[in-house]
Number of protein chains: 2
Amino acid sequence: MALPRAARTQRRTRIQEEKEELILEAALDVFATHGFRGSTIDQIAEVAGMSKPNLLYYFRTKEAMHRALIDRVLDNWLDPLREFDAEGNPVAEIRSYIRRKLEMARDFPRESRLFANEILQGAPHIEDELKGPLKALVDEKAEVIRAWASAGKIARCDPYHLIFAIWSTTQHYADFDVQVRGVLGETQSGEGRFEDAARFLEQLFVNGLSVGTTASRG
Amino acid sequence: MALPRAARTQRRTRIQEEKEELILEAALDVFATHGFRGSTIDQIAEVAGMSKPNLLYYFRTKEAMHRALIDRVLDNWLDPLREFDAEGNPVAEIRSYIRRKLEMARDFPRESRLFANEILQGAPHIEDELKGPLKALVDEKAEVIRAWASAGKIARCDPYHLIFAIWSTTQHYADFDVQVRGVLGETQSGEGRFEDAARFLEQLFVNGLSVGTTASRG
DNA sequence: TGATAATTTGACCGGTTGGTAAAACATTAC
DNA sequence: GTAATGTTTTACCAACCGGTCAAATTATCA
């Protein structure tokens with residue numbers, strides 16, 4: 001007899017691993033472009049090259065597919081922030097954080113758009129993660145930044161809004177890629193735009209946070 | 001006989017204006033939250049408080065509604081950039097541009113999300129606008145910024161990526177509002193967060209672009 | 001090999017989708 | 001008032017949606 005995936009407790013088959021991988025890959029494509037509600041199982045099945053019932057044999061519902069995708073991606077997505085090191089040189093840490101985030105935007109744009117779609121539409125499936133693990137991690141790193149500012153190593157600033165600014169500027173190149181390309185035109189929208197962006201953002205944040213230039217009242 | 005809206009050439013009735021307004025208001029709500037494909041006509045009709053066929057009497061298709069909405073909103077959305085004045089004081093211009101964009105994110109978050117959804121999903125309905133009028137306007141303002149940099153009034157930087165950075169950081173507070181609130185928690189996510197954001201962003205961009213602090217190579 | 005379990009498929013289901021037809025109803029112009 | 005026009009509703013349609021079912025097919029292993 002055939003047992004759907006969620007009911008199995010035994011270890012997974014070779015075929016299971018391959019097919020689940022294949023499905024999640026296709027689902028990432030579709031969910032990232034159309035959001036949860038805008039995506040259809042048929043479409044995912046077609047991209048994955050299998051029939052709809054076959055796909056539903058591995059993931060019993062559309063939500064289960066989305067859930068599995070979110071769980072798998074969320075972890076990797078926060079890695080750059082986790083690497084943020086309180087013991088390191090502040091300017092170097094911020095600079096390399098920007099670079100890592102920008103690399104992720106370049107190398108994993110679908111993952112970025114998956115989250116962007118989800119959050120844009122009110123984060124109905126990941127609200128708990130936002131208020132739980134994500135908030136905890138940001139709180140921790142915000143404290144590091146605050147300590148650097150207090151020690152006079154960087155300018156005084158609101159650490160939360162600094163993190164938001166780094167997120168938004170870097171993810172912009174994945175989420176709004178079509179706009180970036182449209183505005184830059186054919187000539188400037190090659191892969192070189194990521195180097196240009198990196199150079200600009202490092203300049204902006206390093207200078208923007210350097211001590212002595214700030215008029216902050218804080 | 002009843003003629004659908006697109007076939008009429010005469011001037012519009014009072015009822016037409018009122019109802020079309022009502023419909024676009026409802027459509028903005030729905031499209032901004034779910035994207036084009038994730039939205040349904042029934043849902044828009046319910047929000048607008050009218051029957052689906054009645055709604056379709058004013059806009060013959062779902063696409064027509066979306067089109068009308070985009071056209072109306074796109075113009076207003078670019079106003080802050082148009083106000084960007086080549087004759088003004090560079091730092092003051094950039095500062096007030098940031099402020100205006102942030103005010104729009106605060107006061108018109110649905111409009112911001114409408115565009116974000118559209119672009120995120122590949123801009124299938126507004127690609128021409130991106131490569132045409134939008135690009136033209138950005139090109140013009142980029143030239144202004146370049147001139148300021150050449151005159152030594154602000155640091156040398158890539159003007160396009162500067163504009164992208166201002167767009168992304170400000171619109172972030174509309175598009176990713178639920179994440180911002182989730183991370184900031186109950187205490188900090190009141191309306192005061194916009195003032196905090198404004199203060200931080202002005203500091204970041206003003207210091208980041210001030211002359212003399214840059215290590216830019218050219 | 002054959003038995004057993006895992007996988008795949010085609011047919012199908014009730015509900016929803018975008019959209020239509022036509023007639024009932026309301027408003028305006030004369 | 002009444003005729004013409006503009007508006008709204010009821011009933012409806014074909015296609016699509018997420019998901020089920022049972023049977024057919026394939027892989028695994030004694």
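Not measured: the values here are computed from a predicted model. In the text below, chain A, chain B and the rest are named by the order of the sequence lines, each starting its count at 1.
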Rounded to whole Å, the CD-C1' distance (A:Glu63 to D:dG18) equals 11 Å

Parallel, tilted or perpendicular, judged at 30° and 60°: which one describes the rings of B:Phe164 and A:His172? tilted

Check your understanding: Is there a side-chain polar atom (N or O) of B:Gln16 under 4.0 Å from OP1 or OP2 of D:dT7?
Key -> yes

Q.
At less than 3.5 Å, do the side-chain atoms of B:Lys52 and the base atoms of C:dG18 form a donor-acceptor pair?
A. yes

Considering only heavy side-chain atoms of A:Asp42, the closest of C:dT7, D:dC17, C:dG18 is D:dC17

Rounded to whole Å, the CZ-P distance (B:Arg37 to D:dC17) equals 8 Å

To the nearest angstrom, the CZ-P distance between B:Phe59 and D:dT8 comes to 13 Å

Winner on side-chain proximity to A:Pro53, out of C:dA6, C:dT9, C:dG18, is C:dT9

From the candidates C:dT7, C:dG19, D:dT8, the one with an atom nearest any side-chain atom of B:Ile41 is C:dG19

Side chain to side chain donor-acceptor pair (under 3.5 Å) pairs touching residues 47-56 of chain B, sequence neighbours excluded, are none

Heavy atoms of A:Ile163 and A:Ala142 approach each other most closely as CD1-N, 4.3 Å

Within less than 4.0 Å of OP1 or OP2 of D:dT9, is there a side-chain N or O belonging to B:Ser51? yes

Here the distance between atom P of C:dT17 and atom CD1 of B:Ile44, to the nearest Å, is 11 Å

Ranking B:Lys19 and A:Thr61 by the position along DNA chain D of their nearest nucleotide, the one closer to 5' is B:Lys19

Between CZ of B:Phe36 and P of C:dT17 the distance, given in whole Å, is 14 Å

Rounded to whole Å, NZ of B:Lys62 lies from P of C:dT20 at a distance of 14 Å

Considering only heavy side-chain atoms of B:Leu56, the closest of C:dT7, C:dG19, D:dG18 is C:dG19

Is any side-chain N or O of B:Tyr58 closer than 4.0 Å to OP1 or OP2 of D:dT8?
yes

Any idea how B:Phe36 and B:Phe31 line up, ring-wise: parallel (<30°), tilted (30 to 60°), or perpendicular (>60°)?
parallel

Next on the checklist: For a quick test of reading the model: is some side-chain N or O of A:Asn54 closer than 4.0 Å to OP1 or OP2 of C:dT9?
Outcome noted: yes

| task | Return no unless some side-chain N or O of A:Tyr57 is found under 4.0 Å from OP1 or OP2 of C:dT7. | result | yes

From CE of B:Met50 across to P of D:dT7 the rounded distance in Å is 11 Å

Taken to the nearest 0.5 Å, the spacing of A:Ile166 CD1 from A:Ile98 CD1 works out to 4.5 Å

Here the distance between atom P of C:dA26 and atom CD of B:Glu18, to the nearest Å, is 17 Å

